[in-house]
There are 2 protein chains.
Amino acid sequence: MANAERLDRERVIKAAVELLDSDGLDALSTRRLGTVLNSSPNVMYWHVGSMENLVGLATDQVFAELTLAIEGASWRDDLAQTARDLRLLFSRHPWLTEAFSTHPRIHGPAIVRFQNHLLQVCSRAGFEGFDLDWAGASVFTQVLGDAWGRTPSPMPKDRTTTPTEIVEQVRGDLADYPLLLERYEALANADPGTVDEASFEFGLTVLLDGLQARLNQRPPAP
Amino acid sequence: MANAERLDRERVIKAAVELLDSDGLDALSTRRLGTVLNSSPNVMYWHVGSMENLVGLATDQVFAELTLAIEGASWRDDLAQTARDLRLLFSRHPWLTEAFSTHPRIHGPAIVRFQNHLLQVCSRAGFEGFDLDWAGASVFTQVLGDAWGRTPSPMPKDRTTTPTEIVEQVRGDLADYPLLLERYEALANADPGTVDEASFEFGLTVLLDGLQARLNQRPPAP
DNA sequence: ACCTGAACACCGTTCAAGT
DNA sequence: ACCTGAACACCGTTCAAGT
């Protein structure tokens, strides 16, 4: 099975990202990748070394999609913009949450560039020293946690269970917790898109207000 | 290979948690579990149905360790206490981050009880409606993100790489980002335990201040 | 009711061998 | 330098068969 063009690292990564975007992290296997590339079940090893490495390269690849513009507005606007862009990245590539949790030490040029951007924005805000690291990390964490909460259970054609059905299933477990049951029902009856959006903005506002409070305690040098 | 005592659901889950605690999520396989239980490679199927289900049951099992006491102090203290307890749970069972990200829809009595506790504390603080859900979720997200950032790369005996060596390895990638390099070095030279603690407390304070700011905008009814 | 053995369809990775 | 074939040591899951 000779393929039309010669393979290289870039084409392998591109095929990996396509597989990940369409079918998720589990779908990325050495053998499926070989099939997609019209090649042998283990082509990737020459080009990227290992599965773990390939996931890291694919992650770095999609991080390159981020614009990371500094608009010149307030640090609040810059940080909010960064968080919203990152959120969109995670929604375009839902496998990112799983990739980060199973391979926690991913790094690469685009990720490093993103980390630096976060630090720059937080630095402008007035953070220094370790506060700088922690402020940046809190933004990333916020988006990661938001995306995690939004990850749909992977049930491809499993008779798409409606929210109402889910509530029925857990109603027994919730018998002792009327407040929790009330919230489950409220969420089941709300429009998912609207709730997702508002939920993210709630978290973002809380985060920015919290950072602001921290800055107010340590006012900038005159 | 007859085993001394009869198996039941509880013993299977207990063995699973021990395997997870000692060797991580990857170590939990049907065959290893069978070996540990002095039984066949597929014993678990009769008792828990599937691997996915077993991970959920193990997660719920460890969530039962949480005390979830309401101290009667301020909502801030209660929420901080809950977050710190949850953090300790994640550090006792480092596989939890991966479990939540690979099986996002885990639920069970102990988890439901924890969710209810979060809602109760947030409700006392003055949150209502969807704000209640989002406030609770932000606490869980905060701890999850903190634990994620702390997950050590699983390199068992891989010549424990020192932080300084890591900095050397990425120094090339960081050439264009002096601020980022400076932060890497500062973190490499700091005591990990102290930094972890301070990092968590920073995030927690930011979160609580942010929630407080939200409450101030919507003062409680008189 | 509970457990075993064998099988199916997969994995990641290595390595000698090909071109 | 790049790719293939075959093999090794694993997976989760099913199912007929045992007790």
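Naming convention: chains lettered A, B, ... in sequence-line order (proteins, then strands); numbering from 1 in each chain. Values below: all heavy atoms of this structure, side chains included; hydrogens, waters and symmetry mates excluded.
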Please work out if Ser29(B) contacts a base, only the sugar-phosphate, or nothing of the nucleic acid, heavy-atom cut-off 4.0 Å. sugar-phosphate
I want to know whether Trp148(A) and Phe100(A) have ring centres closer than 6.0 Å. no
Using whole Å, report how far [atom1] of [X] lies from [atom2] of [N].
| X | N | atom1 | atom2 | value |
| --- | --- | --- | --- | --- |
| Arg6(B) | dC3(C) | CZ | P | 5 Å |
| Met44(A) | dC3(D) | CE | P | 13 Å |
| Leu28(A) | dC10(C) | CG | P | 16 Å |
| Arg31(B) | dC8(D) | CZ | C1' | 14 Å |
| Arg11(B) | dC3(C) | CZ | P | 9 Å |
| Leu54(A) | dG12(C) | CG | C1' | 12 Å |
| Leu33(A) | dT13(C) | CG | C1' | 14 Å |
| Leu19(B) | dG12(D) | CG | C1' | 15 Å |

If only side-chain N and O atoms of [X] are considered, is one of them under 4.0 Å from the OP1 or OP2 phosphate oxygen of [N]?
| X | N | value |
| --- | --- | --- |
| His47(A) | dC3(D) | yes |
| Ser39(A) | dT4(D) | yes |
| Ser40(A) | dC3(D) | no |

Between Ala27(B) and Trp46(A), just flag the one whose closest nucleotide in DNA chain D comes earlier from the 5' side. Trp46(A)
Could you check whether Gln81(A) and Asp85(A), counting side-chain N and O atoms only, form a donor-acceptor pair closer than 3.5 Å? yes
Of the nucleotides [options], which has the atom closest to the [X] side chain?
| X | options | value |
| --- | --- | --- |
| Val43(B) | dC3(C), dG12(C), dG12(D) | dC3(C) |
| Asn42(B) | dA6(D), dC11(C), dT4(C) | dT4(C) |
| Leu7(A) | dT14(D), dC3(C), dC3(D) | dC3(D) |

Do any N or O atoms from the side chain of Asn189(A) and from the backbone of Glu185(A) form a donor-acceptor pair under 3.5 angstrom? yes
Does Arg113(B) reach the main-chain N or O of Ala64(B) with its side chain, forming a donor-acceptor pair under 3.5 Å? no
Base-pairing assignment for dT13(C) (Watson-Crick or G-U wobble, both under 3.5 Å): dA7(D)
Salt-bridge criterion met for Arg87(A) and Glu197(A) (N-O under 4.0 Å): yes
